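For reference, the structure is listed below as structure tokens.
Just so you know, residue 1 is the first one in the sequence shown, and it goes up from there. As the structure is a prediction and not an experimental result, all values here were calculated from the model. Just follow the structure's listing: the first ligand is 1, and inside any ligand the first atom is 1.
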Amino acid sequence: MATTADYRLGPHIFPRGWFMVAPSADLASVPLSCRFFARDLVLYRGESGRAYMVDAYCPHMGAHLGRNSTSYIVMDGERIEGENIRCPFHGWRFGSDGVCNQIPYSDQKPPKAARIYHWDVVERAGVIWAWHDAEGHPPQPDLLPGFEAWDHPHWVRWMIDDLGTLPQHPVEIVDNMTDFAHFSPIHGSRNIRYFYNEFDGPRQWQMFGAGHRTLVDTAEDLLELDTWYTGPAILQSRMRGSFPTHMLIAHTPVEDGLVQVWHALMVDMGRPAVDADIRAAHAYAQASADALRQDFEIWVHKRPCLHPLMVRGDGPTDKNRLWYSQFYRPLAEAADVHARLPRRVVTVDRDDEVGRRSAAA
Ligand code: FES
Ligand SMILES: [Fe+2]
């Protein structure tokens, strides 16, 4: 398992940004224990239905706020009260801000240190997202995508595929953005018309147009995919075609060198979806998840790539890693990284397709 330091990405072990921590459907009225960023965490819903995430351990005597089934506090259903969560050990109660606001058996005011770290969390498009920043900067709302298709009646909403954890550093996943040369062998692309990347501050695009062994009808047909990262860990991809699709790949560090991955796909059926559309959309999502599993098989078995051995025809892996490193450095240094990146790197441009697309944009 290679770590952030092995890849020399920057001083922070975990990147700054928004990260998926759970599918919304996984969090019911019972608190959910999880682990990300090498920290044990607890997700819960207040009585309003709003989701919260706190560090797992109680400052009183260290009980885990989520992992309990036999305390009378849990059995009597007293764990959640309003927007507060109560510790199963001695019943200290913590508000949604993480501050202890009641000690049931003591006439003493809760001490100042009686607080648990409370994370900034947003629930959107069927996913619970948390902001992580080692420097403690406030969340950057513009780096959490809007996922507008989620609320459009023509789009069949995604169900989340949990691909589990991968014993790799997430940089190996992000490498896919510029890895032009894997599309034919791994994903079955052929007759590649164009492939280029654009770097824009905390965002990066991959524009790709190619034929495909099985997904298109004739050798001339083109699959066109615009794929982009918003921040370090949220990839979206739009495929044009008779049924436009919108894919999400979200990945979140569990430990330094271990990453959790999810996949999801929405499909635009061009009309308010009926049952048959929903079945068709789920078949599309399955095919899309299978394509990601082709990457996954490589990732599971590969050795960490600390120093890519690049040749002409590979995409700009070095630029991609430089772009990704901004999230491991202090926010104040991000602009320096941006200044060192080109606006666009073109790897393949047959018939001046890129020039025409730019003129049309
Ligand atoms: S350990 Fe949580 S209330 Fe005592
Ligand atoms: Fe891939």
Side-chain angles (χ1 to χ4, degrees), residues 31 33 40 42 44 54-68 70-74 76 78-81 84-95 98-106 108-111 113-117 161 163 166 168 170-190 192 195 197 204-208 210 212-213 215 223 225-229 235-237 239 245 247-251 259 261 263 265 287-302 305 308 314-315 317 320 347:
S33 303
D40 291 317
V42 174
Y44 72 94
V54 292
D55 279 359
Y57 298 111
C58 180
H60 177 218
M61 290 179 68
H64 194 296
L65 296 175
R67 293 194 192 280
N68 188 282
T70 53
S71 156
Y72 283 103
I73 286 172
V74 174
D76 293 346
E78 292 172 348
R79 203 148 37 156
I80 304 299
E81 205 176 275
N84 306 288
I85 185 166
R86 194 182 289 283
C87 177
F89 201 2
H90 314 93
W92 290 28
R93 193 183 72 180
F94 300 89
V99 176
C100 178
N101 56 29
Q102 189 196 60
I103 301 174
Y105 56 87
S106 175
Q108 193 190 318
K109 226 172 107 217
R115 53 169 63 222
I116 35 179
Y117 184 77
D161 303 304
L163 279 90
L166 183 68
Q168 292 287 355
V171 69
E172 300 275 349
I173 297 175
V174 179
D175 274 350
N176 246 229
M177 277 302 276
T178 47
D179 187 2
F180 162 73
H182 91 291
F183 279 96
S184 291
I186 295 298
H187 299 302
S189 305
R190 60 180 188 183
I192 289 160
F195 182 97
N197 294 91
Q204 180 191 168
W205 276 265
Q206 175 203 80
M207 314 300 254
F208 183 42
H212 194 274
R213 279 172 185 250
L215 297 177
L223 278 183
L225 283 149
D226 297 354
T227 302
W228 69 102
Y229 266 97
L235 175 146
Q236 298 176 84
S237 186
M239 189 169 80
T245 61
M247 182 179 70
L248 166 73
I249 300 174
H251 58 81
V259 64
V261 186
H263 163 273
L265 187 85
S288 170
D290 288 347
L292 180 59
R293 286 197 175 89
Q294 292 174 299
D295 288 309
F296 224 79
E297 188 181 15
I298 296 284
W299 293 331
V300 165
H301 299 291
K302 78 190 295 297
C305 174
D314 281 321
T317 298
N320 181 46
T347 303

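- Partners of Gln102 under the side-chain hydrogen bond (donor to acceptor under 3.5 Å, both in side chains) rule, at least two apart in sequence or in another chain, are Arg86.
- Of all protein atoms, those that are N, O or S and lie under 2.8 Å from atom 4 (Fe) of ligand 1 total 2.
- Contact detail for Thr178 and Thr317: the closest heavy-atom pair is OG1-CA, 3.6 Å.
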Starting from the C-alpha separation in whole Å, work towards a yes-or-no answer on side-chain hydrogen bond (donor to acceptor under 3.5 Å, both in side chains) for Asn84 and Asn101.
-> CA-CA 9 Å; Asn84 306 288; Asn101 56 29; 2.9 Å; yes

Check against side-chain hydrogen bond (donor to acceptor under 3.5 Å, both in side chains), His64 and Asp40 | CA-CA 9 Å; His64 194 296; Asp40 291 317; 5.4 Å; no

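- Heavy-atom contacts from other residues, nucleotides or ligands closer than 6.0 Å to OH of Tyr72 number 12 or fewer.
- Checked against side-chain hydrogen bond (donor to acceptor under 3.5 Å, both in side chains), Asp175 has the following partners two or more places apart in sequence or in another chain: Arg321.
- No more than 12 heavy atoms of other residues, nucleotides or ligands lie within 6.0 Å of NZ in Lys109, so this atom counts as exposed by the packing criterion.
- A distance of 9.5 Å separates NE2 of His212 from CG of Leu225, quoted to the nearest 0.5 Å.
- Excluding waters, the count of protein N/O/S atoms less than 2.8 Å from the Fe ion (ligand 2) comes to 5.
- In this structure, Phe183 and Phe195 have side chains that are in contact, with non-hydrogen atoms separated by less than 4.5 Å.
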